[in-house]
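Okay, so here's the structure we're looking at.
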Amino acid sequence: MMFFNSLRAGWLLAALLGAGAVLAPAVHAQKYHTAAGLRLGKNNYGLTVQQKIFEKTTLEGLGLVGSREVSATALAERHFGILGPSLNYYFGAGGHLGRNKDTGGFGGFDALVGVEYKVAFVPIVLSLDFKPTVEINSDDWARFPTAFSIRYVIIKDKSSIFDGVFGGDKKKKSKSKSKAKSGSGRGLFDF
């Protein structure tokens, strides 16, 4: 029964995100460069760190602890704005390795879909996601967890660390500055 409740919650989240993708205008995603915090799920908890590497792409690392296991996950995620850069949906994929007290080492592949909100006027990002996994060398062949994360924005930045390397020239920067001054691209949830 728990499997079906998690699966139902995940599909509902995916449907809402899909509808948001169709209805939302193309806007820049994310208002931060680096964020770190806590991730809380039903059967585990741990640390989460996100690092922006391209305009709409982040790498996320998770260190999770459960009642009988520990694991580490690496995910690449693509972010898309919903009504502005403060509210995003994202999806991604990656893998994990871990150790279970009963069965030993395990690993697997992860998918991810979620929503995040950069809280106005404070350096906090809230997110809710659905992260189905395919397990290798584990008692479970698949898992369907949802989790809530709260992250502190360590570096607030609208540019990527690779902008200068992958074509981020002065013309692009001057165009984006003129767009920002004209007020275009601002969303309903941007403060």
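Computed over heavy atoms, backbone and side chain alike; hydrogens, waters and symmetry mates excluded. Note that this is a predicted model, so its numbers are computed, not measured.
Taking CG of L64 as the reference point, atom OG1 of T48 lies at 8.5 Å (rounded to 0.5 Å). Residue L62 holds its CG atom at 5.0 Å from CZ of R39, rounded to the nearest 0.5 Å. We find the CG-NZ distance between L112 and K131 to be 7.5 Å, quoted to the nearest 0.5 Å. Note: F148 CZ to D129 CG = 10.5 Å, rounded to the nearest 0.5 Å.
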| field | Test log, rule side-chain contact (heavy atoms from CB on, under 4.5 Å), inputs I136 and F109 | value | CA-CA 8 Å; I136 299 170; F109 303 99; 3.6 Å; yes
| query | Yes or no on salt bridge (charged side-chain N to carboxylate O under 4.0 Å, His left out) for E60 and R151, after CA distance, side-chain angles and deciding distance? | reply | CA-CA 12 Å; E60 181 174 9; R151 296 182 196 91; 3.0 Å; yes
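Side-chain polar atoms of N88 and H79 form no donor-acceptor pair below 3.5 angstrom. Checking Y90 against Q50 by side-chain atom types alone, no donor-acceptor pair falls below 3.5 Å.
Shown here are the salt bridge (Lys or Arg N to Asp or Glu O under 4.0 Å) partners of R143, two or more places apart in sequence or in another chain: E69, E135, D140. Listed by chain and number, the residues in a salt bridge (Lys or Arg N to Asp or Glu O under 4.0 Å) with E77 amount to none (sequence neighbours excluded). Every residue was checked against the side-chain hydrogen bond (donor to acceptor under 3.5 Å, both in side chains) condition with N44, not counting sequence neighbours, and none meets it. Remark: D139 pairs with no residue by the salt bridge (Lys or Arg N to Asp or Glu O under 4.0 Å) rule, at least two apart or across chains. Taking L38 as the reference, L47, I150 meet the side chain to side chain contact (heavy atoms under 4.5 Å, CB included) condition, with sequence neighbours excluded.
Y117 and F80 end up in the same hydrophobic cluster when Ile, Leu, Val, Met, Phe, Trp and Tyr side chains are linked at under 4.5 Å. L128 and Y89 fall within the same hydrophobic cluster, where Ile, Leu, Val, Met, Phe, Trp and Tyr residues are linked whenever their side-chain heavy atoms come under 4.5 Å apart, directly or through other members. The hydrophobic cluster containing L87 also contains V122, counting ILVMFWY residues as joined when their side-chain heavy atoms lie under 4.5 angstrom apart, directly or transitively. No path of Ile, Leu, Val, Met, Phe, Trp and Tyr side chains, each step under 4.5 Å between heavy atoms, connects V125 with L40, placing them in separate hydrophobic clusters. A continuous path of Ile, Leu, Val, Met, Phe, Trp and Tyr side chains, each step under 4.5 Å between heavy atoms, connects F91 with L126, placing both in one hydrophobic cluster.
Heavy atoms of other residues, nucleotides or ligands lying less than 6.0 angstrom from OH of Y45 number 12 at most.
Counting only residues at least two apart or in different chains, salt bridge (charged side-chain N to carboxylate O under 4.0 Å, His left out) contacts with residues 90-106 comprise R68-D102.
Each of K118, K52, E116 was checked for a side-chain hydrogen bond (donor to acceptor under 3.5 Å, both in side chains) with Y32, and the lone residue meeting it is E116.
No side-chain donor-acceptor contact under 3.5 Å links N100 to the backbone of G105.
Closest heavy-atom contact between I154 and A36: CD1-CB, 3.8 Å.
In this structure, P145 and F130 have side chains that are not in contact, with every pair of non-hydrogen atoms separated by 4.5 Å or more.
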